[in-house]
Each structure stands twice: as C-alpha cells, then as structure tokens.
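Remarks on the structure that follows.
Note that the coordinates shown come from a computational prediction; the quantities given were computed from them, not determined experimentally.
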Amino acid sequence: MLYIQLPDSTPRLLPFYLAMEEYVARKIDAEDSFFMWRVNPTVIFGRNQLIENEVNVAFCKERGIQTYRRKSGGGCVYADMGNIMLSYVTKSEQVAFTFGRYTTMIVYMLQKMGIEAQATGRNDILIDGRKVSGNAFYHIPGHSIVHGTMLYDTDMYNMVGAITPSTEKLTSKGVDSVRQHITLVKDHTTMTIDEFMNHIRTTLCDETLTLTDSDVRKIEDIMQEYLTPEFIYGNNPRYTVRRKRRIEGVGEFEIRMEMKNDVIKDINIMGDFFLTGDIGANILTPLRGCRLTRESVGEALTCEVGEVIHNMTKDMLVSLLTEEQGTP
C-alpha cells in the first residue's frame, strides 16, 4: 500500500486532512493509499449530525477546542495530539467491503504488537472489550474513503467535556465513566507515539509518495468548503414535526420536517448513521412535496434505501417517517 506524506511538518487544521483524502482519491493513481495525521484539540462531528445535539459549544470555546464537520457519517469524536487519525483511500465502489477490509488491517497491525484487538459492532475496534478506535466511511465516484481514530493517548477531561451536552455537568465521575469504556494504546505497549506510528506505517505500507507544494495548495482549495458556515452548521428546516429513534445496527435518527397541510415542504435526516449514497438526491428531494402517509412516502422512495443508508431498508425508513410504533 502507498503511504502519502506531506512535504513538511507544518501544523494544519483538521479540515485540511479531510480535503487531503479527497485530493488523494481524485488525483493519486494508486489502488490503496494511507496516511496518518494529528491535530490540536478539535471536535469533529458526522455529516448528518446537529452540532447543538453533539457538541458542548461553550466548553469548546472556553478551552480553545475547534469544531468541524466531516463528510462521512457516524458519531462525534474528539481529537488531539495524543490521538492518531488514520485515513485509507481505495479504488473501490464497495464501501461496506472496504470498511471491513480496513478494520481487519488495523486489527492485524495491533495483533502484530501482541495486543489482542478485535473489530466489533458497526465501526469500533476494541482491546480487552474497551474501545480504542472508532471509524467512519464515505464514498466518492470510483473510490471509498475510511478514516478513524486511534487512541494512543488523549486529554480525557477535554474529550468528555467537548462532546457532553451543555446541560450536563462535567465531573470527575463523568471522566471515570468514559474511561471504563475506552482504552489507550500506551497502556498496552512500551512504544512511544512516534514508534507506534512508525509501526503502523511499516506494517501497512511498502512504498511512499511525497506530495508537492503544488499539491498542498490544491488541497487547501478543497479545504475551503469545510470552513463555510453552510457546511459546518448544515440545513435545519423550520420544523413542525420531529421524529427520533434508534434503529439497532443502523444508528440514531432525528428527522425534522416542515409541514403544510400534511405535505412535507422541507426535510432533513440527521444522526450517526453511515451514508453509502447521495441522501439528498435519492431520499430528501423525492420526499419534498410528498404527503406524510405510508402509501405516499413509499411511492416517493424509489431508490434502494440500503444503498444510501447503510443497513437500512425501505420499510424501516417509511415506518420512521410516518411514526409507526414498534420496531421498524
């Protein structure tokens, strides 16, 4: 696999590395590419999440923690210089297959160190039953991108405070509770973070490409989209109807609809689910102007829903939208 490295070690904002993933996918002719990065304290939330639901904005401002949105689904995470971020880009249209392949590689890399790791659930990698890595994926034409965290070390106070709703007090008990569910690589190895990153690179990659200054400028151009208020804060209709539910194996959903005479004028679907297709063109647009009945919604949704929202069926989505009780 090809390792992509930058021409210098200049500190960069988190959106630069998200833009770098896109640039590598579109411009670098390699079957499989990989790179690692670290950032100053930052919260990154999923493509379809509401910032006010996921981020303690006041805490982040007070502590100088930056907040950005990514284009993949999944949940909200905190990153800092003790948290290694991993990016994998491959020429594949099969997002789910790619995701499984990536987590298998990461598990193998940890097991090679003598650490008994395993992939579990939708997107986690565990050591001794505790989370050490969370991952997300998305698709662009011709390529799949997987990126995730690797908790070598981190500031637990910041982690808990930044992603805790502002109505909840940050206490040592809160930190202790989270600490019981996660683990740090440094607790399982004598390697320094630099040695660990070198182990990751040499285990997964066998050749290197160094980007040019021209490449960096083009990545910075792509990055500008991630910095716009429209992208960061998203589309939030003046909703009159809201649906909230968690669907096992799919994710958490919050649907907001602006209604007029039982017709959907506007709609947004938010949550920590994973997208494998264009939710706007395939789901949101067809639902605008649709009556909010099971029959009308079912007729409007002509796409294969599972090819847009990972692990979801059309019946699940129709039941969620029309608020049928019970398990969809």
Side-chain angles (χ1 to χ4, degrees), residues 1-6 9 14 17-18 20-21 24-25 28 30-39 42 44 70 72-75 77-92 94-139 143-154 159 179 181-211 274:
M1 183 157 59
L2 181 66
Y3 189 82
I4 309 293
Q5 67 181 16
L6 290 164
S9 57
L14 185 145
Y17 299 102
L18 301 179
M20 183 171 164
E21 292 173 341
V24 168
I28 304 301
E31 287 296 323
D32 298 284
S33 302
F34 178 80
F35 61 95
M36 293 176 282
W37 41 285
R38 291 189 285 163
V39 292
T42 305
I44 178 172
R70 63 181 186 266
S72 60
V77 298
Y78 167 80
D80 58 26
M81 293 302 287
N83 182 354
I84 304 165
M85 308 296 284
L86 312 176
S87 294
Y88 171 59
V89 181
T90 184
K91 287 183 178 179
S92 172
Q94 303 299 319
V95 178
F97 173 80
T98 298
F99 189 71
R101 183 176 177 217
Y102 166 81
T103 55
T104 298
M105 289 191 298
I106 300 303
V107 167
Y108 167 74
M109 176 275 298
L110 290 169
Q111 290 178 343
K112 194 175 177 182
M113 297 168 60
I115 298 174
E116 288 303 316
Q118 60 177 344
T120 188
R122 291 190 310 149
N123 63 329
D124 294 342
I125 294 173
L126 310 182
I127 298 174
D128 296 334
R130 294 192 292 174
K131 182 175 177 178
V132 73
S133 173
N135 304 278
F137 58 79
Y138 71 106
H139 170 261
H143 288 80
S144 296
I145 296 172
V146 183
H147 46 207
T149 61
M150 180 59 66
L151 287 171
Y152 177 87
D153 194 7
T154 195
M159 173 185 280
R179 192 66 176 91
H181 293 92
I182 70 167
T183 191
L184 305 173
V185 172
K186 72 171 187 176
D187 296 335
H188 302 272
T189 183
T190 59
M191 289 184 184
T192 66
I193 191 168
D194 290 334
E195 290 170 339
F196 178 55
M197 291 177 72
N198 184 62
H199 168 75
I200 297 173
R201 179 172 174 172
T202 56
T203 300
L204 301 182
C205 302
D206 53 12
E207 53 183 327
T208 300
L209 173 68
T210 303
L211 298 180
F274 291 126

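The minimum heavy-atom distance linking Arg70 with Gly75 is given by the pair NH2-O, 2.7 Å. Nearest heavy-atom pair across Ala136 and Gly73 is CB-O, 3.4 Å. When all heavy atoms are compared, the tightest approach of Gln111 to Ala117 is NE2-O, 3.1 Å. For Met81 against Ile193, the heavy-atom pair with the smallest separation is O-CD1, 3.7 Å. Closest approach of Ala79 to Val39, counting heavy atoms only: CB-CG2, 4.0 Å.
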For a salt bridge (Lys or Arg N to Asp or Glu O under 4.0 Å) check, start with the C-alpha distance between Arg38 and Asp153, then their side-chain angles and the critical distance, and finish with the verdict. CA-CA 12 Å; Arg38 291 189 285 163; Asp153 194 7; over 6 Å; no
Run Tyr138 and Val146 through side-chain contact (heavy atoms from CB on, under 4.5 Å) and show every step you take. CA-CA 7 Å; Tyr138 71 106; Val146 183; over 6 Å; no
Pair Asp80, Thr154 - check side chain to side chain donor-acceptor pair (under 3.5 Å), show working. CA-CA 6 Å; Asp80 58 26; Thr154 195; 3.1 Å; yes
Hey, mind stepping through Tyr3 and Phe35 against ring-ring contact (aromatic ring centres under 6.0 Å, His included) and telling me if it holds? CA-CA 6 Å; Tyr3 189 82; Phe35 61 95; 7.6 Å; no
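Side-chain N or O atoms of Thr90 include one that pairs as donor or acceptor with a backbone N or O of Glu31 at under 3.5 Å. A donor-acceptor pair under 3.5 Å links the side-chain atoms of Thr103 to the main chain of Gly100, judged by distance alone.
Counting only N and O atoms by type, the side chains of Ser92 and Thr98 include a donor and acceptor under 3.5 Å apart.
Residues Phe34 and Met105 are not in side-chain contact: their nearest non-hydrogen atoms beyond the backbone lie 4.5 Å or more apart. In this structure the side chain of Leu151 reaches within 4.5 angstrom of the side chain of Met159, judged on heavy atoms. No side-chain heavy atom of Asp128 sits less than 4.5 Å from a side-chain heavy atom of Thr183. In this structure, Met36 and Met85 have side chains that are not in contact, with every pair of non-hydrogen atoms separated by 4.5 Å or more. Contact check for Met1 versus Arg201: no side-chain heavy atoms found under the 4.5 Å cut-off. Proximity of Ile84 to Thr149: side-chain heavy atoms (C-beta onward) are nowhere separated by under 4.5 Å. Between His147 and Asn135 there is no side-chain heavy-atom pair separated by less than 4.5 Å. Put simply, the side chain of Val185 reaches to within 4.5 Å of the side chain of Phe196, judged on heavy atoms.
Looking at Arg101 and Asp32, a side-chain N of the basic residue comes within less than 4.0 Å of a carboxylate O on the acidic one, giving a salt bridge.
For CD of Gln5, the number of neighbouring non-hydrogen atoms (other residues, nucleotides, ligands) closer than 6.0 Å is greater than 12.
With rounding to the nearest 0.5 angstrom, the CD1 atom of Ile4 is 4.5 Å from the CG atom of Leu209. Rounding to the nearest 0.5 angstrom, the gap separating the CD1 atom in Ile127 from the CE atom in Met113 is 8.0 Å. Atom-to-atom distance recorded for Met191:CE and Ile115:CD1 is 8.0 Å, nearest 0.5 angstrom. Considering NE2 of His199 and NZ of Lys112, their distance stands at 6.5 Å, rounded to 0.5 Å. Here the CD1 atom belonging to Ile106 is positioned 5.0 Å from the CG atom belonging to Leu204, to the nearest 0.5 angstrom. Expressed to the nearest 0.5 Å, how far OG of Ser133 lies from CD1 of Ile182 amounts to 12.0 Å.
A parallel orientation is assigned to the rings of Trp37 and Tyr17, their planes being inclined by less than 30° (bins at 30° and 60°).
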